[in-house]
Each structure stands twice: as structure tokens, then as C-alpha cells.
Amino acid sequence: MTSGTAALQERRYRILVTGYAISSYGTFLNVVALSLYVYAVTDRALAVGVFMAVRLAAGFVAGLASAAVLARWSPKGVMFWANVAQAAALLLLVLAPDGFRTGTLFAVSAVVGASGTLFMVTLRSSIPDMVGEGRHTWANSLMVSGRSMAMVAGFASSGVVVSLLGYTAAFLVDMATFLVCALTVLLLPMPMGPARGNEEKDSQGKDVGDGQDSQGGQEEEGADRQGRRRDRRRQVPAALVALGAVPVLGLMVALRGIDALGSSSHNAALPVYSTELDADNPAVFVSVFWCVWALGNVLVQQVLQRYTKRTGRSVGALGFGLGTIAMSGTFILAFAGLPWAATVLVALLAGAADGLTEVSYTSHLQTLPSPLRTHAFGLSATVENLGFGVGMIVVAAALDVFTPLSVVGVAHGAAIVLALVYVARVLRGRGAQEAGEAQETHEAHEAQEAVPASEAREGKQVEQGDQGKGESGAGPARGGHRDGAEVSGG
């Protein structure tokens, strides 16, 4: 790849990340505005929980279906239409009559949940094709940095936007952010329509069907369609089997799911804990914590980018396990009632560890071959949505009985235990790999030492053979026999 091509790829990817950061701002603004709007329309707290459950369930289903969608449509098309669908859903909510707003809200929840998951799975699995080899860590760090800053801006401004401008303005702002992201996707040098393999199949089916023997063509096209359906049904189990053969990948995805459960615990417990600290101003602790957390996340991305540029290496699978341990530990400490200065430091470290796990996890999955990569990210999204959704239900119930520290301690403690098992597996695998490499090096060294001795014997053999042949004038057959006798006798 030439330097000009690499620079062009980097510039286009930066534009895409800018669009993604803008849409992420809309997403986090959306989370607050839509939740408040659901409560305002229904006047029931249960409706807010159902709204979030529908969103997570739609993301769960989208994670399962993402591999099949990307097998049929190009990544550019999926990312574009995922943003357009979210913008259209918000516009529909703005235009919905009063009597249809409740039903429209839950439809918007499903569309936003499914489209957001499809976009993220597609973006993460397509990054290696966008930036090329050796740039995964840089690309992931840039993506996570943009999302972290957008999250803080979205949460911080949501109250102001809703209070001063109203719900309709907030939804229109959300819609505009998704349209901006869709426009940046259009700049990518990738095909927009169906995947190439499906275009070829469709064109072949059309050519076969467009003949005089239309009935035979239709029968053959129907057989092809059935064959493709059978292939798709076989593709998913085959992909899961292949993913299961990748070392520690299953444990890695499981740890990601437990990590999502831990995330649900501190997200649900922060408002409760903040209210206990200061009932008059409960938003202060939450706002400061997330701002410092985002700062730590952005700072660690700068460190990772410089580390990768200097060494040419990524933090990899081991970094994910160690980062999860550090992240879970710091989130537990955040609820331990430490002084403000210590809590700010804990929040900074929690953000840094969270950024490390995100980049290392994504970068590791991106090393898989393209078809498996898509299935891995789809499976990961499904597990993450499941872990976060189940966690929100369990944690909400537990917080009515137990303290925030105990609830967060149990949830993140489970992540620490599984992370320790995961790190042990990774280190054991590395030890076995190093032992195998050492054995191969030793055998190669022995082979190199054996070559000169063999060559010396062959040289001596040739010299003796030439002497015998010159003295007796024996022919080739006889000379060969004597050489053999002399070699064996020597």
C-alpha cells in the first residue's frame, strides 16, 4: 500500500469517526430525552423499564441477525441505512398524533436498538478493511475517544436541551446527528448495494430464467434459492464451530457479557449513591464522575496510539483480561465512600481501564478472518445486550434491598473472578506456544549442526571414490559399490 493510499484511507476514516461521534452524541442525548418523554407521556415508571427492555431486546435480535445481514448487504449500505432508519424513526415520533405516541415510542425503541447494534457490529468488523493491516489499535482508539467525548457531551447537555428547547427540538437534534453520520458513510470508498456474491447469484438466476424454457429456468432458480437457504442455515453452525476452535474466544466473549452485567450495576447504582451523598444536588457526583471517567478514557487512547506507533504491537488478549480486572476493581472502589480526591482518581483510572478493555477486545476480534469476524462481533453484541439487559433487571431489584457498594461489588466481583480465569488461560496458552517455538528452534539448530558433518562425510566419500576409480579404472557400477563399502566401513 502506498503512502498516498494510506493517507487517503486515514482521512476518510477520520471523517467517518467524526460522523460516528456526532451520532453518538445524538444517541446519548436520545437515551435521556426518550426516557423522560416516555415517563411524561405514560406517567408510569414501569413504561420506562419496558421501553429500555424493548431497546435491548431489539439489539439482542440484531446481534444474532447481523452476520446474515452483512452476508447479503455491503457494510457501507448497512451503516448508511442504519443511521437513516434511526433518523426516520425520530421524525415519525415528532409527527405522530397524540393518540399514537405511546405505540410510536416503543416502535422507535425497537428501531433505535436494532439499528444501533447493526451499525456498531458493521463498523467494528469493517475497520480492518478501512484502515489496512497494523492500524487496528489506532483506529479503535480513535473510535472509542470520539464516543467517550460524545457520551459526556450528550449526558451533560441533555437536561439543558430538553428544559430549554423541549422534546421536539431534542428529537430533531438527534435526527440531524444520524443524518450527518449517514453522509460521512457515503464518503467511504466501498460499494453501496448488495454483496458481490449475491449480485452474481441474482444475475445468474436472471440469465437462466430469461430463456425460452422459462419453466425450466424457474425450477432451476427455485432450486438455487433453496440451496442458498440451506447454505445459510449451515453457515451459522459452521461459523459457531469455527469460532469455538479459536483459543479462549468463547471465554473472552463470556467475560464481555459479565462485564456488561457489571456495567449495568454501576449505571443503575450511581444515581442512588449520588443521592445518598447529596440529596439536594444528586446530579453533581454523577456528572463529575462521568466527566473524569471520559477524561481517563481519552487519555489512555493517546497512550495506546503512541505505544502502537512506537512498538508496532497491540495490547491484545492479555490486555483485555488485565484491563477488565482493573476496571471492575476501580468501579467497586468508586462506591466505597472514599474522599473526593481519591474518588476522582478512581474515576480517572476506571475510564482508562474501560478504554483499554474496549480497544484490546475489539482489536483482538478484528484479527479473525473476515467471515468469522462478522459472526464474532454479532455474537458479542448479542451477549453484551443480554448481560446488560439482565443486569438492569436484577440490579434494580437488588438496590431496593442492598447498598450500592454491595450490589456493584458482587456484579463486578464476578467479572474479576472470570477475568482471573481468563488471564490464567491466556498465560498458559502463551507458555505452551513459547515452549513449542523453543522446541522448533532447538530442532532447527540441531538440523543445522548435522548438515556440515553430513557434507564432510560426503566430501570424504567422493574423494575416496575418485582415488579408487583412478587407480583401478573401475566403471561406475563398480566404483559405486566400492564407495558404498568404504563409507559403511569407515
Side-chain angles (χ1 to χ4, degrees), residues 19 22-66 69 73 77-122 150-151 154-155 157-183 185 264 267-268 271 381-382 385-386 388-390 392-393 396:
I22 292 173
S23 70
S24 295
Y25 167 79
T27 297
F28 292 112
L29 175 63
N30 203 345
V31 168
V32 177
L34 281 174
S35 298
L36 292 173
Y37 188 65
V38 170
Y39 187 74
V41 170
T42 63
D43 198 27
R44 298 184 64 185
L46 178 62
V48 179
V50 175
F51 178 84
M52 292 300 298
V54 170
R55 184 171 183 162
L56 291 170
F60 178 88
V61 174
L64 291 175
S66 57
V69 172
W73 296 94
V78 173
M79 288 190 290
F80 175 80
W81 289 112
N83 281 284
V84 170
Q86 293 180 81
L90 289 167
L91 180 61
L92 180 64
L93 180 60
V94 170
L95 299 177
D98 292 341
F100 295 91
R101 284 186 178 176
T102 301
T104 305
L105 272 170
F106 290 102
V108 168
S109 178
V111 171
V112 169
S115 299
T117 298
L118 276 176
F119 178 85
M120 282 308 302
V121 170
T122 307
M151 185 190 77
F155 282 150
S157 65
S158 58
V160 177
V161 172
V162 172
S163 300
L164 296 182
L165 302 179
Y167 291 111
T168 299
F171 297 151
L172 291 176
V173 170
D174 296 345
M175 183 185 71
T177 63
F178 292 122
L179 292 178
V180 169
C181 186
L183 290 176
V185 171
S264 70
N267 274 280
T382 299
N385 278 297
L386 179 63
F388 195 84
V390 172
M392 288 298 289
I393 297 172

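Here the side chains of Leu91 and Phe171 are not in contact, with every heavy-atom distance at 4.5 Å or above. Counting heavy atoms from C-beta on, the side chains of Asn30 and Phe178 come closer than 4.5 Å. The shortest distance between side-chain heavy atoms of Trp81 and Leu118 does not fall below 4.5 Å. Phe106 has its side chain within reach of Val50: a pair of non-hydrogen atoms, C-beta onward, lies under 4.5 Å apart.
In terms of heavy-atom proximity, Val185 sits nearest to Phe80 at CG1-N, 3.8 Å. Here the closest heavy-atom approach between residue Ala58 and residue Ala110 is recorded as CB-O, 3.2 Å. Between Leu93 and Thr104 the shortest heavy-atom distance is CA-CG2, 3.8 Å. Across every non-hydrogen atom of Phe51 and Ser109, the tightest pair is O-OG, 2.8 Å. Between Gly154 and Phe28 the shortest heavy-atom distance is CA-CB, 4.2 Å. Ala33 approaches Ala170 most closely through the heavy-atom pair CB-CB, 4.2 Å.
To the nearest 0.5 Å, the span separating CZ on Arg55 from CZ on Phe388 amounts to 10.0 Å. Note: Leu179 CG to Asn83 CG = 8.0 Å, rounded to the nearest 0.5 Å. With rounding to the nearest 0.5 Å, the separation of CG in Leu56 from CG in Asn385 is 5.5 Å. Put simply, CG on Leu95 and CG on Leu90 are 11.0 Å apart, with the number rounded to the nearest 0.5 Å. For the atom pair CG of Leu92 and CG of Leu105, the computed distance is 10.0 Å after rounding to the nearest 0.5 Å. Within the model, atoms OH of Tyr167 and CG of Asp174 stand 13.0 Å from one another, a figure rounded to the nearest 0.5 Å.
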Worked check of side chain to side chain contact (heavy atoms under 4.5 Å, CB included) between Tyr37 and Val162: CA-CA 10 Å; Tyr37 188 65; Val162 172; over 6 Å; no

message: Using the rule given for side chain to side chain contact (heavy atoms under 4.5 Å, CB included), can you reason through Leu172 versus Val94, listing the C-alpha separation, both sets of side-chain angles and the distance that settles it, and then say yes or no?
response: CA-CA 8 Å; Leu172 291 176; Val94 170; 4.2 Å; yes

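Although no hydrogens or angles enter the test, the distance criterion places no donor-acceptor pair under 3.5 Å between the side chain of Thr117 and the main chain of Gly63. A distance-only check finds no donor-acceptor pair linking the side chain of Thr122 to the backbone of Met79 [under 3.5 Å].
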